[in-house]
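Worksheet: one structure, shown below.
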Protein chains: 2
Amino acid sequence: MADAFMSDFATRAIAERLFFGYRAFTGDADRVLASRGLGRAHHRALYFIERAGSIPVHELLATLGITKQALTRVLRELMEARLVERRRDPTDGRRGILTLTNAGRALELSLLHAQKARIESALQDAGPSGSAAVHAFLEALMEPDDRERIGTSL
Amino acid sequence: MADAFMSDFATRAIAERLFFGYRAFTGDADRVLASRGLGRAHHRALYFIERAGSIPVHELLATLGITKQALTRVLRELMEARLVERRRDPTDGRRGILTLTNAGRALELSLLHAQKARIESALQDAGPSGSAAVHAFLEALMEPDDRERIGTSL
DNA sequence: TAAATGCGTCAGCCATGTTGACGTTTCTAG
DNA sequence: CTAGAAACGTCAACATGGCTGACGCATTTA
């Protein structure tokens, strides 16, 4: 721990940038979601289903870190809107497997693209070698368990 | 715009790191808050009052981006807990000025310190020159209006 | 002195999370 | 084969932290 005595001032500099930065980042998608009558919880489910291609319910639960009751409500709404489909795992009929419909994939992509320009320009501001630093910083911020849930940064 | 055609894959890499990273970052403070019967909304108010030393109500409202009704409830609870005090602006009696009590400052500091170790180690992982890149990245992510609300990163 | 400003407050609503309890289907171990 | 465990889905009640709309009051300003 070379830098174990960071100042409170420096800590605040990061804390407030994270707060404002994350708020702007989620705001981009929130505006698109609101026009469809959906919320941030729906976005998170769409995101991780799309990312995995298809995903067992228990894994989505672990990734989102919410209770099954909270997720069930979100999934019901997404299935009613024909954005998500649930089928059974052929190897274990108790398990549910979630996939996106074509409409679900289209919406998820439009949500990603709503955030893309902001992320692109922020990475550019970080400089050519800054991208690696940003990835390393954010990964180090995460809980260790969650590190297994992300893709590589290549 | 040197990198105007970032891949969706690269965009997702940042999006999910932001999600998991921010969740872990807020989680550190949430655990302390829960033990005091407070929530994240109280933390944000304490943070920005402390950061400013004292702050007019209207400015805290603009910073937090919530309605006065939402803030009033939070402030009432903080004042009942003797963590925040409200007095009048001597130059304009309609305006309220908020400050922390000694107990409020102590709590705010303990919340900051709950997040400090994670931020320190994440910045170390970003490398020696990475800190500047991380600051630049997060500032670029923010809404322009909010950039006036943060301190310098020196 | 009348109007505008800056609050504080009441009431009702929404989105998203929580616990706890129950029922059903399906797999697994004895 | 059967009992129990596992993986859900669902219902009910509740907490937090947002929102809008409508009032009222003190204070400042035109």
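Letters A, B, ... are given to chains in the order of the sequence lines, protein chains preceding strands, and every chain is numbered from 1.
In this structure, the CG atom of A:Leu98 is 13 Å from the C1' atom of D:dG9, given to the nearest Å. To the nearest angstrom, C1' of D:dA26 lies 6 Å from CZ of B:Arg88. The separation between A:Ile97 atom CD1 and D:dG9 atom C1' is 16 Å, rounded to whole Å.
Between B:Arg94 and D:dT28, a side-chain N or O to OP1/OP2 separation shorter than 4.0 Å is absent. Put simply, A:Arg86 has a side-chain N or O that comes within less than 4.0 Å of OP1 or OP2 on D:dG9.
Looking only at atom types and distance, the side chain of A:His43 has no donor-acceptor partner in the side chain of A:Asp30 under 3.5 Å away.
B:Arg86 places no side-chain N or O within 3.5 Å of a backbone atom of B:Leu98 that could act as its donor or acceptor partner. Counting only distance, with no hydrogens or angles, the side chain of A:Thr101 and the backbone of A:Arg82 share a donor-acceptor pair below 3.5 Å. B:Arg17 contributes no side-chain N or O that, together with a main-chain N or O of A:Leu141, makes up a donor-acceptor pair within less than 3.5 Å. With hydrogens and angles ignored, the 3.5 Å screen pairs a side-chain donor or acceptor of B:Glu120 with a backbone N or O of A:Met6. A:Ser131 contributes no side-chain N or O that, together with a main-chain N or O of A:Gly127, makes up a donor-acceptor pair within less than 3.5 Å.
Nearest-nucleotide assignment on DNA chain C puts the 5′-proximal partner with B:His58, out of B:His58 and A:Thr91. Two residues, B:Arg76 and A:Gly93, neighbour DNA chain C, and the one matched to the more 5' nucleotide by heavy-atom proximity is B:Arg76. Toward the 5′ end of DNA chain D lies the nearest nucleotide of A:Asp92, the other residue of the pair A:Asp92 and A:Thr72 mapping further downstream.
Ring centroid separation for the pair B:Phe20 and B:Phe25 does not come in under the 6.0 Å cut-off.
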Set out, line by line, the N/O atom pairs under 3.5 Å between protein and nucleotides 17-20 of chain D.
| from | atom 1 | to | atom 2 | distance (Å) |
| --- | --- | --- | --- | --- |
| D:dG17 | OP1 | B:Arg40 | N | 3.0 |
| D:dG18 | OP1 | B:Arg44 | NH2 | 2.1 |
| D:dG18 | N7 | B:Arg73 | NH2 | 2.5 |
| D:dC19 | OP2 | B:Thr67 | N | 2.7 |
| D:dC19 | OP2 | B:Thr67 | OG1 | 2.8 |

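Residues B:Ile55 and B:Ile97 are members of separate hydrophobic clusters, defined by side-chain heavy-atom contacts under 4.5 angstrom among Ile, Leu, Val, Met, Phe, Trp and Tyr.
Between B:Glu139 and B:Arg147 there is no salt bridge, since no side-chain N of the basic residue sits under 4.0 Å from a carboxylate O of the acidic one.
Scanning DNA chain C 5' to 3' for nucleotides with an atom closer than 4.0 angstrom to a non-hydrogen atom of chain A gives a first and last hit of C:dT16 to C:dC27.
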